[in-house]
Structures are given as structure tokens and as C-alpha cells.
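Have a look at the structure below before the remarks.
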Amino acid sequence: MFTKITKTDFPPKKPMMVWDGECLFCKYWITNWHSKTKNKIEYITLQEKASYFEDIPLKEFKKASRLIETDGKVYSGPNSVFRLFTYFDKNHTSWHRWYTNSKWFAEVCDHTYNWIAKHRPFMFAMTKVLFGKNPLSLKPYWLLILLLFLLAVFCIGRFL
């Protein structure tokens, strides 16, 4: 499980999302999020970060993404993503508020994030199936797949 780091003594001049540049799943979603945050956030890979945050071990960056704000606050794992949503052009604060205020929601998200992090190649394949290959133009294929699945279950139940 990743460690929740809350503060760094080396705050960036601009909010910074540190992510694994070797992970295709991560790259897909960072590309999507970057299009929604415009220039409000600087995105940097953990492979580039070594000299920036001396008080955060590289091994911790390998376990989870980190959003580091200009006041030195650090958001880790799913909280980094939910905090990032607050920088979207169309602000989405509810996810971050829910994560911050609900212990059970935070626990579920942390464990889900950890599972996804350990199965990135599979999750990247599922992402492309469910949302399409272009992260800048998400397609709701998951809805079509769900409808086809429900139709198949209905048909099988109806004719058995």
C-alpha cells in the first residue's frame, strides 16, 4: 500500500502532478486530465522528479501518483486524482470532499487504487475497451457493453 505523505518542504511554484511516465494506463489518464486542467497543473513523471522533492522517497512516487500544491501540501493516490479534479475547467470538488470526509470511502478508494496500481497493463486494456483508444475523446463504450450484457442476460433468462 502507498504511504500518505501530507507535506513537502520543497513546494513547487505551480501545482504539480507526479506520475509514472512508464505506465501506459497512467499516461492515458494524465493526457485526459491535462486537457481538462489546461495550464493550471504541471505534470511531471517520477522519472524526472528526483531533484525536485528531496524529502519524498522515490519508492513512494513509484507506489502512487502525488499532487503537490504550492503551499507544500501533498495528496497521494486516489486523493491526488480527486484533488486534481478541483482544477478542471468545470470544477469537480465533490469527489475530493467525499474522500476527505468519509473514512469508509477513502478506505475503499485506497484499496481500489492499490489494486489498479498492481494491475496496470490489464487496467490499460480495460480502459481502451471501455473508453476508446483516444484519451482526448472518451467514448462511453462501457455503457454500450453494459446494455449488451443486460440484453444478453434478459434474453438468456427469457428463453431458458
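- Rounded to the nearest 0.5 Å, atoms OG1 (Thr112) and CD (Glu107) are 10.5 Å apart.
- Side-chain atoms of Asn32 do not come within 3.5 Å of backbone N or O of Leu136 as any donor-acceptor pair.
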Residue pair Met17, His34: steps toward the side-chain contact (heavy atoms from CB on, under 4.5 Å) verdict: CA-CA 10 Å; Met17 177 63 116; His34 187 264; over 6 Å; no

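- Relative orientation of the Phe82 and Trp95 rings is parallel, given thresholds of 30° and 60° on the angle between their planes.
- Between Pro15 and the options Thr86, Ile41, Asp71, a side-chain contact (heavy atoms from CB on, under 4.5 Å) holds for only Ile41.
- Using a 30° and 60° split on the angle between ring planes, Phe88 and Phe85 fall in the tilted class, from 30° to 60°.
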Verdict with supporting geometry, Phe124 and Lys27, side-chain contact (heavy atoms from CB on, under 4.5 Å): CA-CA 10 Å; Phe124 179 54; Lys27 183 177 182 176; over 6 Å; no

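- Between the CG atom of Asp20 and the CD atom of Gln47 there is a distance of 5.0 Å, given to the nearest 0.5 Å.
- Applying the salt bridge (charged side-chain N to carboxylate O under 4.0 Å, His left out) criterion to Lys40, with sequence neighbours excluded, gives Asp89.
- At distances below 3.5 Å, at least one donor-acceptor pair connects side-chain atoms of Lys14 with backbone N or O atoms of Asn39.
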Worked verdict on Phe2 versus Lys59 for side-chain contact (heavy atoms from CB on, under 4.5 Å): CA-CA 9 Å; Phe2 61 91; Lys59 69 177 185 161; over 6 Å; no

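- Heavy-atom minimum distance, Phe10 versus Phe53: O-CE2, 3.1 Å.
- Although no hydrogens or angles enter the test, the distance criterion places a donor-acceptor pair under 3.5 Å between the side chain of Glu60 and the main chain of Thr3.
- In this structure, the side chain of Asn79 does not engage the main chain of Tyr75 through any donor-acceptor pair within 3.5 Å.
- A donor and an acceptor atom, one from each side chain of Ser80 and Arg66, are nowhere located under 3.5 Å apart.
- Heavy-atom minimum distance, Pro78 versus Tyr99: CG-CE1, 3.8 Å.
- The line from OG of Ser65 to CG of Leu46 is 10.5 Å long, rounded to the nearest 0.5 Å.
- Atom CD1 of Ile68 and atom OG of Ser76 lie 8.5 Å apart (nearest 0.5 Å).
- Looking at heavy atoms from C-beta onward, Asn114 lies out of side-chain contact with Lys63 at the 4.5 angstrom threshold.
- Put simply, Leu24 and Trp33 are part of the same group of oily side chains (I, L, V, M, F, W, Y) that touch within less than 4.5 Å, one to the next.
- Under a 4.0 Å N-O distance rule, the pair Lys7/Asp55 does not qualify as a salt bridge.
- A salt bridge is defined here as a Lys NZ or Arg NE, NH1 or NH2 lying under 4.0 Å from an Asp or Glu carboxylate O, and Arg83 with Glu69 meets this definition.
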Criterion ring pair (Phe, Tyr, Trp, His ring centres under 6.0 Å) on His119 and Trp115, from CA distance to verdict: CA-CA 6 Å; His119 300 91; Trp115 187 89; 4.1 Å; yes

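- The distance from the CD atom of Glu48 to the OG1 atom of Thr45 is 3.5 Å, given to the nearest 0.5 Å.
- Residues Ser137 and Lys139 have side chains that bring a donor and an acceptor to within less than 3.5 angstrom of each other.
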Steps toward side-chain contact (heavy atoms from CB on, under 4.5 Å) verdict (Tyr43, Thr37): CA-CA 10 Å; Tyr43 296 87; Thr37 59; 2.6 Å; yes

Worked check of ring pair (Phe, Tyr, Trp, His ring centres under 6.0 Å) between Phe25 and Trp19: CA-CA 11 Å; Phe25 174 79; Trp19 60 285; over 10 Å; no

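- Tyr28 contributes atom OH, which lies 13.0 Å from atom SG of Cys23 (distance to the nearest 0.5 angstrom).
- When the side chains of ILVMFWY residues are joined at heavy-atom separations under 4.5 Å, either directly or via intervening members, Val129 and Ile116 end up in a single hydrophobic cluster.
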